[in-house]
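Here's the structure, in structure tokens; my notes come after.
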Amino acid sequence: MSHWAWLGLAATAYCLIRGVVDLRRRSYGWGVAGLASGIVMLMIPNPNDVVTVTLPIAGASR
């Protein structure tokens, strides 16, 4: 995994943990916002593979 993927996982973990802490402190608005942002960040795809496609040049003779 790239360093960006690790940073994304760390930010997601922070949002989820902070959301739980806020809910336990009865700060429901911030708790729901933290949990929602953590869940949204978990659903963001992380491309791991690079695919190279070579297309023919338009108008090139065969």
Side-chain angles (χ1 to χ4, degrees):
M1 285 179 31
S2 69
H3 65 282
W4 289 110
W6 287 112
L7 289 173
L9 284 175
T12 301
Y14 175 79
C15 288
L16 292 172
I17 292 169
R18 189 66 203 181
V20 171
V21 168
D22 285 338
L23 286 176
R24 290 178 57 102
R25 288 187 348 190
R26 298 186 188 268
S27 180
Y28 297 114
W30 289 113
V32 169
L35 289 177
S37 63
I39 291 170
V40 167
M41 289 172 63
L42 281 176
M43 292 190 293
I44 296 174
N46 181 21
N48 298 5
D49 301 323
V50 176
V51 177
T52 303
V53 178
T54 304
L55 300 174
I57 299 173
S61 62
R62 296 180 187 190

Notebook entry, point to check: Residues sharing Leu55's hydrophobic cluster, by side-chain heavy-atom contacts under 4.5 Å among ILVMFWY, directly or via others?
Noted result: Val51, Val53
Notebook entry, point to check: Is Leu23 reachable from Val20 through a run of hydrophobic residues whose side-chain heavy atoms are each under 4.5 Å from the next?
Noted result: yes
Under 3.5 Å, which donor-acceptor pairs link side chains of residues 25-43 to any protein atom two or more places apart or in another chain?
residue	atom	partner	partner atom	Å
Arg26	NH1	Tyr28	OH	3.3
Ser37	OG	Ala33	O	3.1
Ser37	OG	Gly34	O	2.9

Next item on the list: Kindly compute the distance separating CD1 (Ile17) from CG (Asp22), expressed to the nearest 0.5 Å.
Entry: 12.0 Å
